[in-house]
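Report on the structure given below.
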Amino acid sequence: MSEYQEIRDLASKFADSELAPLAAQVDKEARIPESTYQKLGENGFMGVYVPEEYGGAGMDYSSYAIIVEEISRACASTGVLISAQNSLAIWPILEFGNEQQKKEYLPRLASGEMVGCFCLSEPGAGSDAGSLTTMAEDCGDHFELTGTKNFITNGKEAKVAIVFAKTKKTDDYKGMSAFIVETETPGWSVIKCEDKLGIKGSSTAQIALDKVKVPKKNLLGEPERGFKVAMATLDGGRIGIAAQALGIGEAAFRYAKSYALERVQFGKPIASLQAIQFIIADMSTKLAAARHLVADSSRRKDEGVSYSKEGAQAKLFAAESAMWITTKAIQVLGGNGFIKDYPVERYFRDAKITEIYEGTSEIQRVVIASLELR
Ligand code: CAA
């Protein structure tokens with residue numbers, strides 16, 4: 001058995017036994033139970049590619065993408081929890097952090113003792129991330145951060161945040177710096193948690209920063225190079241979201257397929273109707289293509305080859321496929337697809353966000369086109 005098959009089997013077993021039975025409840029109550037966080041930490045899923053010397057599971061990015069896919073197949077809310085933890089909170093520290101920062105934060109993030117989040121978006125700065133207005137004032141031995149951050153995944157639970165703020169006032173991305181911020185610092189507050197269409201178990205918070213003191217040692221990377229930290233982090237994060245979309249699509253595909261084989265109309269299972277067969281064929285083909293894109297972009301990342309375009313392609317295709325597959329899955333189930341007794345309406349609601357966060361499908365096209373046309 002290949003190493004990746006073993007990882008898939010392990011993650012799949014965990015997802016089916018620990019997450020799938022709770023997924024409907026997580027959606028309904030809009031909360032992931034505390035025990036799940038603990039189990040994710042114990043199984044190494046909170047720090048998949050953190051090297052063992054920093055307390056992580058020491059796996060590669062390809063393994064991480066497989067784990068996100070399998071977990072999202074069972075519970076998309078838990079999928080984004082680990083995706084934001086690994087791709088958005090841990091990766092920038094691993095890539096841009098100094099030794100002291102790595103030693104201080106990675107073991108606690110990898111064990112799950114600390115949940116992490118990524119604070120880039122603001123009420124006035126979404127796709128145009130460079131236009132953010134949160135300011136970081138230089139106060140000698142520390143900075144003071146003031147501003148508002150929007151749509152922050154894990155924002156309610158996070159103990160540590162990667163925050164982007166301007167150390168120099170500009171209208172564009174220049175002047176932006178990245179910081180590691182401990183959320184228990186006075187001045188940090190969760191203003192509200194959003195009530196959402198899907199991934200309801202995962203928190204999405206609006207955060208206010210009011211003169212939050214950040215020691216100079218917590219500047220992440222070079223001053224005024226924060227936009228590059230954000231963009232490079234999102235390049236990898238997008239592979240994680242592609243894997244999440246793939247997992248949601250796979251869940252809807254499996255459900256639609258087994259339903260079509262059992263549901264009898266006109267005296268035979270609906271799977272014998274060509275209208276249904278063509279849907280199943282297209283679902284299967286889209287999933288196979290998306291899985292190749294996710295695997296290829298992850299492999300490139302592991303091999304140190306450029307992956308910005310391939311990650312954007314994987315996210316664009318996997319997200320739009322997940323939306324198509326979950327919509328068609330409802331159609332295969334008919335009226336049953338529309339009611340909460342069956343899980344496909346949840347898959348449909350969960351799929352939508354994969355076309356939006358970590359860059360909308362339109363932004364993925366901008367990224368792909370700009371890399372193709374230069
Ligand atoms: N890696 C490193 N550097 C990069 C880069 C990358 N992938 N992409 C661009 N840059 C650099 C450029 O080289 C350039 O650097 P120089 O100043 O040295 O020339 C600089 O960044 C500016 O590049 P652009 O001119 O291309 O930047 P832009 O302002 O036109 O923006 C964009 C490009 C692709 C539209 C970008 O703003 C973007 O990705 N927007 C979407 C933001 C996004 O994904 N937000 C989601 C937030 S996270 C989230 O969803 C919440 C959550 O918690 C899950």
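First listed ligand is number 1; within each ligand, the first listed atom is number 1. Quick caveat, the model's predicted, so the values are computed rather than measured.
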For the pair [X] and [Y], find out whether any cationic side-chain nitrogen is under 4.0 Å from an anionic carboxylate oxygen.
X      : Y      : answer
Glu6   : Arg8   : no
Asp296 : Arg299 : yes
Glu224 : Lys174 : no
Lys159 : Glu182 : no

Protein heavy atom under 4.0 Å of [atom]:
atom                    : value
atom 53 (O) of ligand 1 : yes
atom 30 (O) of ligand 1 : no
atom 33 (C) of ligand 1 : no
atom 8 (N) of ligand 1  : yes

May I ask whether [X] has any heavy atom positioned less than 4.0 angstrom from an atom of ligand 1?
X      : answer
Ser127 : yes
Leu88  : yes
Val366 : no

Distance under 4.0 Å to a non-hydrogen atom of [X]: what atoms of ligand 1 satisfy this?
X      : result
Asp235 : 1 (N), 6 (C), 7 (N)
Ser121 : 47 (C)
Leu234 : 43 (C), 44 (O), 48 (S)

* Asked: Counting only N and O atoms by type, is there a donor-acceptor contact under 3.5 Å from the side chain of Lys315 to the main-chain atoms of Thr354?
  -> yes
What protein heavy atom sits nearest [atom], and how far off is it?
atom                    : answer
atom 36 (C) of ligand 1 : Met231 SD, 3.6 Å
atom 3 (N) of ligand 1  : Lys228 CG, 3.6 Å
atom 50 (O) of ligand 1 : Glu358 N, 2.7 Å

* Looking at Leu333, Val332, Leu261, which one forms a side-chain contact (heavy atoms from CB on, under 4.5 Å) with Ile270? -> Val332
Side chain, backbone, both or neither: which part of [X] comes within less than 4.0 Å of ligand 1 when only heavy atoms are counted?
X      : answer
Phe151 : backbone
Ile363 : side chain
Arg238 : side chain

Does [X], backbone or side chain, put an N or O under 3.5 Å from an N or O of ligand 1?
X      : result
Val367 : no
Arg225 : no
Tyr357 : no

* To do: Would you indicate which of Tyr173, Phe118, Phe227 comes nearest to atom 14 (C) of ligand 1 when only heavy atoms are counted?
  => Tyr173
* To do: Hey, can you tell me if Tyr61 and Tyr64 have their rings parallel, tilted or perpendicular (30° and 60° cut-offs)?
  => perpendicular
* Ala158 versus Cys117, closest heavy-atom pair with distance -> CB-SG, 3.6 Å
* Asked: At their closest point, which heavy atom of Gly155 faces which heavy atom of Val190, and how far apart are they?
  -> O-CG2, 3.8 Å
* To do: Would you check if Leu209 and Trp188 make a side-chain contact, meaning some heavy-atom pair closer than 4.5 Å?
  => yes
* Asked: Has Lys28 got more than 12 heavy atoms of other residues, nucleotides or ligands less than 6.0 Å from its NZ?
  -> no
* Co-membership, hydrophobic cluster, residues Leu94 and Ile82, 4.5 Å side-chain -> yes
